[in-house]
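Structure first, commentary second.
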Amino acid sequence: MSEEINFLQAARREKLESLAARGIEPFAYSYARTHTATGALALLDPNVEEGPTVCLAGRIVAWRGHGKTAFAHLADSSGRIQLYLRRDQLGDDQFALAELLDIGDVIGVAGPLFRTRTGETTVRADRLELLAKSLRPLPFGKEEVVDGVTVRHSGFADPEQRYRQRYADLAVNPEVRALFVARSRMTSAIRRFLDDLDYLEVETPVLQPLYGGAAARPFVTHHNALDMPLYLRIADELYLKRLIVGGFDRVYEIGHDFRNEGIDRTHNPEFTMLEFYEAYADYTVMMGIVERLITAAAEVVRQVPGFGGSVPDLPTPFRRVEWVPSLNAALGVDIMTADEPSIRRLARQHGVEHGDQLSHPKLLDDLFQALVESTIVEPTFVLDYPRALSPLAKPKRGNPELTERFELFAHGRELANAFSELNDPIDQRARFEAQARLRAAGDEEASGVDEDYLRAMEYGMPPMGGVGIGIDRLFMFLTGTANIRDAILFPTLRPE
RNA sequence: GACCCGGUAGCUCAGCCGGUAGAGCAUCGGACUUUUAAUCCGCAGGUCGUGGGUUCGAUCCCCACCCGGGUCACCA
């Protein structure tokens, strides 16, 4: 990426040369800091005017020059603190260095804490060290505090540039950093939750010779040495269940799935999926685990400073409704006995688009989405989906037309999908073959027959419950984030 | 994919009825030893997303394209 150097960058390069002329190395190797910014702020007793000496490192984010003195703010990952630089304190050489500093420079600073006339805890700098010269101006806005609220002026606002240059977005907007801290806390909490239940975290292939476990179009790549196509996984499911055959009773994986579909505010081509499987559990057991996992995740996000208010209340137990009765109630007919033409007529009436071209299962799913799913606000488990919608789920005990499956919805969004996993290899083969027929008929999202998976199942697969939770979506739900790009550090974009 | 909105200085934005551009901040120069959107004075900074068209003349009107945002559709 070559571009012309603008006059601001030129000015900084000139300063670099002035530094070199003074024998100052502009890119350091390390700095021994004693405190973080917030750690230092806590050191000055409210009743005293002078405190201990601290060594801090961070980025200059604000600068107010006054001739022979200057005030600056230094920011590190903990927060920001004011610096006071005086010529008589620093000496001529060090003050000359200070005059060659820019906003964005990474510096180390040492000096005693004191309180300014306006009461702000500040470092009176008596030694400065340049750690990294910033040759490209970061788009810092100016901040003021009005009635206790920080107002930022002319900051870094262009959404495209913020996604493309997330490093600049993070450097300039602390609240963006806080959001991703919250995300990290959430996934750690989920790991802790599952680890405490004796789940084993495992890693399964991202590059797969066959893709499956979900209905989606895959990314295809090619392995040169094997001279064969490989698919980026669309789900972890089939490999994790092979591990249950192998004797791991409880496994989970948090990793990226890849789906070759459109990009919009809830879809990124790669996204983070949690799947977990537990032998000898059925979907009712998994429902309880999901409820506890979601509330545990909500609790840690709630505790991250700044996010307490955004996390929705999740009173337990979550509401439970059954798929068929809730759709029937909304539709006014029995979906399981209604004939095909009248179902298609109802779909048209309720605004399901392209109803005539959809396969029967897809039609049912769209109807449910339009009439029931979209109306769910409080967290609700929807139970017992029709068999045709769930090729990897066990038939429901007492009603083989249905499967033992649930999805969790809240605010019209899907948060989890789970079932009593099908462990009958004869039935599984029949379902795979039905999928293969759909695929042969042109359904690009239908899977094929995975013979290796069937082999594993034929060895004897314990009954198990399994759950998938989209981590990005869950995080968006908990933080009130509307666009998935705001929940992913480096979202997929067209190249510049 | 459809529709709507946007792309002007490093950043945030203005630009009337078509007459080849402005502000604030930042930068640069000057003043300033407790400021905090520091203040004051001065200078500089532009391929107006790209390519065509209309016109004596286009940032402005028209067409196409690129990029982004939003809404909808698609996406178990």
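Residue numbering restarts at 1 for every chain, and letters A, B, ... go by the order of the sequence lines.
Rounded to a whole angstrom, the distance from the C1' atom of B:rA58 to that of B:rC16 is 16 Å. Separating the P atom of B:rU20 from that of B:rC60 is a span of 13 Å, rounded to the nearest Å. For B:rG46 and B:rG7, the C1' atoms lie 15 Å apart once the distance is rounded to whole Å. Using atom C1' as the reference point in both B:rC40 and B:rG15, the two lie 29 Å apart (nearest Å).
Distance from the side chain of A:F114 is smallest to B:rU34 among B:rC11, B:rG68, B:rU34. The side chain of A:R117 sits closest to B:rU34 out of B:rG45, B:rU34, B:rA37. When the nucleotides B:rA38, B:rA73, B:rU34 are ranked by their closest atom to the side chain of A:D264, B:rA73 comes out on top. Set against B:rA26, B:rA38, B:rU33, the side chain of A:Y84 has B:rU33 as its closest nucleotide. Among the nucleotides B:rU33, B:rG68, B:rA76, the one closest to the side chain of A:Q369 is B:rA76. Picking from B:rU27, B:rC11, B:rA38 the nucleotide with the shortest atom distance to the side chain of A:L8 gives B:rU27. Of all nucleotides listed (B:rC67, B:rA76, B:rU27), B:rA76 comes nearest to the side chain of A:E414. The side chain of A:F7 sits closest to B:rG45 out of B:rU33, B:rA37, B:rG45.
Note on ring orientation: taking the six-membered ring where Trp is involved, the planes of A:W323 and A:F368 are parallel (angle under 30°, cut-offs 30° and 60°).
Heavy atoms of A:Y163 sit under 4.0 angstrom from primed sugar atoms or phosphate atoms, though from no base atom. Counting any heavy atom pair closer than 4.0 Å across all strands shown, A:P391 reaches a base atom. Counting non-hydrogen atoms under 4.0 angstrom, A:R405 reaches the backbone sugars and phosphates but no base. Within 4.0 Å of A:F419, counting heavy atoms only, lies no atom of the nucleic acid at all. Here A:A214 lies in heavy-atom contact (under 4.0 Å) with a base. Across all strands, A:G141 comes closer than 4.0 Å to no nucleic acid atom at all (heavy-atom distances). Here A:A157 lies in heavy-atom contact (under 4.0 Å) with sugar-phosphate atoms only. If you check every strand for non-hydrogen atoms under 4.0 Å, A:R86 touches a base. Note on A:R164: only backbone sugar-phosphate atoms sit closer than 4.0 angstrom, heavy atoms only; bases stay farther off. In this structure, A:Q161 reaches neither bases nor backbone, as no heavy-atom distance under 4.0 Å exists between it and the strands shown. Nucleic acid contact class of A:D158 (heavy atoms, under 4.0 Å, all strands): sugar-phosphate only.
Proximity of a side-chain donor or acceptor of A:T38 to a complementary backbone N or O of A:S78 within less than 3.5 Å is detected. A donor-acceptor pair is defined here as one N or O able to donate and one able to accept, closer than 3.5 Å; such a pair exists between the side chain of A:N6 and the backbone of A:Q9. Counting only distance, with no hydrogens or angles, the side chain of A:R80 and the backbone of A:A37 share no donor-acceptor pair below 3.5 Å.
For A:K15 and B:rC28, the shortest distance from a side-chain N or O to OP1 or OP2 is below 4.0 Å. An OP1 or OP2 oxygen of B:rC72 is reached within less than 4.0 angstrom by a side-chain nitrogen or oxygen of A:R265. Within the 4.0 Å cut-off from OP1 or OP2 of B:rG70, at least one side-chain nitrogen or oxygen of A:N483 is found. Contact check, A:R64 against B:rA38: a side-chain N or O comes under 4.0 Å of OP1 or OP2. In this model, the phosphate group of B:rU33 is not approached by any side-chain N or O of A:R87 to a distance below 4.0 Å at OP1 or OP2.
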request  = Run the numbers on A:D236 and A:Y252 for side-chain hydrogen bond (donor to acceptor under 3.5 Å, both in side chains), then give the verdict.
outcome  = CA-CA 9 Å; A:D236 307 358; A:Y252 74 96; over 6 Å; no
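Evaluation of atom-type donor-acceptor distances gives a pair under 3.5 Å for the side chain of A:T116 against the base of B:rU35. Between the side chain of A:Q89 and the base of B:rU33, no donor-acceptor pair under 3.5 Å is found.
For B:rC43, there is no paired base (Watson-Crick or G-U wobble, both distances below 3.5 Å). Nucleotide B:rG24 forms a Watson-Crick or G-U wobble pair with B:rC11, both donor-acceptor distances falling under 3.5 Å.
Using a cutoff of 4.0 Å between basic side-chain nitrogens and carboxylate oxygens, A:D424 and A:K394 are not scored as salt-bridged.
In this structure, A:W63 atom CH2 and B:rC25 atom C1' are separated by 18 Å, rounded to whole Å. Remark: C1' of B:rC32 and CG of A:L85 are 16 Å apart, rounded to the nearest angstrom. Rounding to whole angstrom units, CG of residue A:D102 and P of B:rG10 are separated by 16 Å. Protein atom CE of A:M273 is 11 Å distant from nucleotide atom C1' of B:rA76, rounded to whole Å.
Exactly one residue among A:I294, A:N417, A:T380 makes a side chain to side chain contact (heavy atoms under 4.5 Å, CB included) with A:L408. That residue is A:I294.
Looking at which nucleotide of RNA chain B each of A:D365 and A:E144 is closest to, the 5′-most match is held by A:E144.
Judged by a 6.0 Å distance limit and a 45° cone about the ring axis, A:R405 is positioned over the six-membered ring of A:Y385.
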